[in-house]
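Throughout, numbering of the chain's residues begins at 1 and tracks the sequence. Values below: all heavy atoms of this structure, side chains included; hydrogens, waters and symmetry mates excluded.
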Amino acid sequence: MLEKSFMLSKFRGTLLGALVGDCCGAPFEGQPMDSGSKLILKKNLDKLEGPAFTAPYKKYTDDTAMTIQTAKAFLDPKGYSQKLLAKNYVVEFFKEPNRGYGAAVGEVFQKLRQTKLSDPTGPAMAQFNGSGSYGNGAAMRISPVALFCSNKSTEELLRLVKETSAVTHTNVLGVNGAILQALAIRQCLQLNPNEPFCWKTFLGELKSHMIEVEKENDPDLEANPNAYEIQLQNMESLLDNRVEASDENVLNLLGHSVAALFSVPTAVYCFLRHTQDLSKETDKKSFRNTLEYAISLGGDCDTIGSMACAMSGAYFGESAISPALLKHCESADSVGSLADQLHKIIE
C-alpha cells in the first residue's frame with residue numbers, strides 16, 4: 001500500500017489533472033490542428049507554465065462542471081444516491097447552462113426537471129429512439145467514482161459506474177467507455193511511479209477487465225459487442241510500433257470524436273504514450289506531454305485531454321502538474337478540496 005500522503009497527492013492529481021485537460025483543451029475544441037495550431041498550443045502552454053503573469057482564468061466546461069457535481073454527490077452527508085446525483089446535474093445545468101453542454105443532455109435535464117426527478121434514468125433511456133447516448137459524457141465525469149472506489153472491489157466499481165452513467169447515458173458503448181476510464185484511473189492510483197512502468201502490463205490488465213465487461217453485451221443487439229477489446233488491440237499495435245504512431249494513424253485507429261468508443265481509448269493511449277519510457281521523461285514532462293499531445297489531436301480535445309490528464313495525475317500525483325499552470329485554471333482550489341474530502345472519507 002502506498003503511504004496516505006502519497007495517495008492524497010494521487011487523488012488531487014486525478015481531479016486537478018482532469019481540470020487542467022479540460023481548461024487547456026477547451027479553446028482548441030473542434031479546431032483543425034495543423035502545424036501552426038500545434039505551435040500556438042505549445043507556446044500557449046509554455047507561457048502558462050512560465051513566470052507568473054496576470055491573465056483571466058481558463059474557464060472549465062461541462063466536463064468539469066459534471067465532475068464536480070459527481071464528487072459532491074459522493075460527499076453528501078446523507079450519502080450518495082442516484083436521485084441526488086441527477087438533482088446535482090440538473091441544478092448545475094440550469095444555474096450555468098453555457099458550459100458547453102450538448103443539446104441531447106440538455107434535453108435530459110429538461111425532462112428530469114419537468115418530472116421532478118421521479119425517474120432518474122427514464123429520460124436518458126428514451127434518448128435516440130430508446131438506444132441511449134453512446135457519447136463520452138459519462139466517461140468524462142467518472143473520476144470521482146474511481147477515487148471513491150479506490151479501496152473497493154471491482155464489482156462495486158462497475159456497479160457505481162453503471163449507476164452514475166445511467167442518469168445521462170444508457171447505451172452500452174457510452175457506459176463501457178465510462179467503465180474503461182474508471183478502471184484506467186484506478187490502475188494508475190494503485191501503481192508507484194517510483195517503480196518501473198510497463199505499458200504492456202497496464203494495457204493487459206485493462207484488456208482482461210474489458211473482455212469480461214463486454215461478455216455481458218448481447219451480440220444479437222450490439223453491432224460490435226467487443227468494440228473496446230478491439231480498440232485496446234489497436235492501441236497495442238501503436239505502442240508496440242507494429243503500426244506507425246503518426247497522428248493520422250492514431251486518429252484513423254482510435255478516433256477523436258465525442259463518441260466514447262472513439263475518445264476514451266484515445267485518452268488511454270495519450271497517457272500510455274507519454275508514460276511508457278520514464279527514463280527519458282520526468283513526471284512533470286510526462287504530464288505536460290500527455291496534455292499537449294491529447295489537445296494536439298484535435299476533435300473533442302478538451303474531453304480527451306481531461307480524461308488523459310486524470311490518468312496522468314492519478315499515476316504521478318499532484319507534483320507532476322505545474323503550479324503555475326494550475327493558477328490559470330478556474331476553481332483549481334475548490335477542485336483540489338473535493339479531492340481532499342474524497343480521500344478523507346475512504347481512509
Asker: Starting from Leu191, can I reach Phe11 by hopping between I/L/V/M/F/W/Y residues whose side chains sit under 4.5 Å apart?
Answerer: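 Yes: a chain of side-chain contacts under 4.5 Å links Phe11 to Leu191.
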Asker: Do we see a donor-acceptor contact under 3.5 Å between the side chains of Arg141 and Thr64?
Answerer: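 Looking only at side-chain atoms, Thr64 and Arg141 do not form any donor-acceptor pair under 3.5 Å.
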Asker: Classify the ring geometry between Phe109 and Tyr89 as parallel (under 30°), tilted (30 to 60°) or perpendicular (over 60°).
Answerer: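 Because their plane-to-plane angle lies in the 30° to 60° range, the rings of Phe109 and Tyr89 count as tilted.
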Asker: Can you sort out the partners of Glu330 under salt bridge (Lys or Arg N to Asp or Glu O under 4.0 Å), two or more places apart, ordered by chain and number?
Answerer: Lys59, Arg99
Asker: Between Asp300 and Ser263, do the side chains contain an N or O donor and an N or O acceptor separated by less than 3.5 Å?
Answerer: no
Asker: Are a donor atom and an acceptor atom from the side chains of Asn289 and Glu292 found within less than 3.5 Å of each other?
Answerer: no
Asker: With sequence neighbours left out, what residues match Tyr60 under ring-ring contact (aromatic ring centres under 6.0 Å, His included)?
Answerer: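 Result, ring-ring contact (aromatic ring centres under 6.0 Å, His included) vs Tyr60: none returned.
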Asker: Ser319: what forms a side-chain hydrogen bond (donor to acceptor under 3.5 Å, both in side chains) with it, not counting sequence neighbours?
Answerer: none
Asker: Can Lys200 and Asp240 be said to form a salt bridge (charged side-chain N to carboxylate O under 4.0 Å, His left out), step by step?
Answerer: CA-CA 9 Å; Lys200 287 187 177 181; Asp240 223 3; 3.7 Å; yes
Asker: Measure across Ala245 and Leu238 and return the closest heavy-atom pair with its distance rounded to 0.1 Å.
Answerer: CA-CD2, 3.9 Å
Asker: Going from OG on Ser322 to NE2 on His328, what distance comes out if it is rounded to the nearest 0.5 angstrom?
Answerer: 8.0 Å
Asker: Tell me, please, which residues at least two apart from Tyr293 pass ring-ring contact (aromatic ring centres under 6.0 Å, His included).
Answerer: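 Applying ring-ring contact (aromatic ring centres under 6.0 Å, His included) to Tyr293 gives His274.
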Asker: Test of understanding: with side-chain hydrogen bond (donor to acceptor under 3.5 Å, both in side chains), list the residues that count as partners of Glu29, not counting sequence neighbours.
Answerer: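 Here no residue qualifies.
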Asker: Quick one: CD1 on Ile179 to OG on Ser165, what's the gap to the nearest 0.5 Å?
Answerer: 7.0 Å
Asker: Taking Gln181 for its side chain and Met307 for its backbone only, find out whether a donor-acceptor pair lies under 3.5 Å.
Answerer: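 Pair found, side chain donor or acceptor close to backbone of Met307.
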Asker: Please answer: with hydrophobic residues joined when any side-chain heavy atoms are less than 4.5 Å apart, are Leu19 and Leu8 in the same cluster?
Answerer: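 No; tracing contacts between hydrophobic side chains, which count when under 4.5 Å, never links both residues.
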Asker: Only counting residues at least two apart or in another chain, list the ones meeting side-chain hydrogen bond (donor to acceptor under 3.5 Å, both in side chains) with Asp247.
Answerer: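 Checked Asp247 against side-chain hydrogen bond (donor to acceptor under 3.5 Å, both in side chains); matches are Lys38.
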Asker: Hey, are Ser208 and Glu212 close enough side-chain-wise for a donor-acceptor pair under 3.5 Å?
Answerer: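 No donor-acceptor contact under 3.5 Å links the two side chains.
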Asker: Students often mix this up, so state it plainly: with edges at 30° and 60°, are the rings of Phe197 and Phe202 parallel, tilted or perpendicular?
Answerer: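 Phe197 and Phe202: tilted rings.
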Asker: Out of Val172, Leu173, Thr170, which one pairs with Tyr134 under the side-chain contact (heavy atoms from CB on, under 4.5 Å) rule?
Answerer: Leu173
Asker: For Phe148, give me all partners under ring-ring contact (aromatic ring centres under 6.0 Å, His included), at least two apart in sequence or on another chain.
Answerer: Phe74
Asker: Indicate whether any N or O donor in one side chain lies under 3.5 Å from an N or O acceptor in the other, for Tyr80 and Glu163.
Answerer: yes
Asker: With sequence neighbours left out, which residue pairs that include part of residues 170-185 fulfil the salt bridge (Lys or Arg N to Asp or Glu O under 4.0 Å) condition?
Answerer: none
Asker: His209: which residues meet the ring-ring contact (aromatic ring centres under 6.0 Å, His included) condition with it, sequence neighbours left out?
Answerer: none
Asker: Going through the distances and angles, do Glu229 and Met210 end up as a side chain to side chain contact (heavy atoms under 4.5 Å, CB included)?
Answerer: CA-CA 6 Å; Glu229 180 189 354; Met210 291 309 296; 5.7 Å; no
Asker: Would Leu203 and Tyr269 satisfy side chain to side chain contact (heavy atoms under 4.5 Å, CB included), going step by step from the backbone distance to the final call?
Answerer: CA-CA 10 Å; Leu203 194 54; Tyr269 172 73; over 6 Å; no
Asker: What residue pairs, at least two apart or across chains, pass salt bridge (Lys or Arg N to Asp or Glu O under 4.0 Å) with a residue in residues 311-327?
Answerer: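 Every salt bridge (Lys or Arg N to Asp or Glu O under 4.0 Å) pair that includes a residue of residues 311-327, provided the two are not neighbours, is Arg12-Glu318.
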Asker: Provide the full list of salt bridge (Lys or Arg N to Asp or Glu O under 4.0 Å) pairs with a residue in residues 63-91, sequence neighbours left out, each pair given once.
Answerer: none
Asker: Taking a hydrophobic cluster as the set of Ile, Leu, Val, Met, Phe, Trp and Tyr residues connected by side-chain heavy atoms closer than 4.5 Å, whether directly or through intermediates, do Leu75 and Val335 fall within one such cluster?
Answerer: yes
Asker: Which residues satisfy the side-chain hydrogen bond (donor to acceptor under 3.5 Å, both in side chains) test with Thr67, sequence neighbours excluded?
Answerer: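 Residues passing side-chain hydrogen bond (donor to acceptor under 3.5 Å, both in side chains) with Thr67: none at all.
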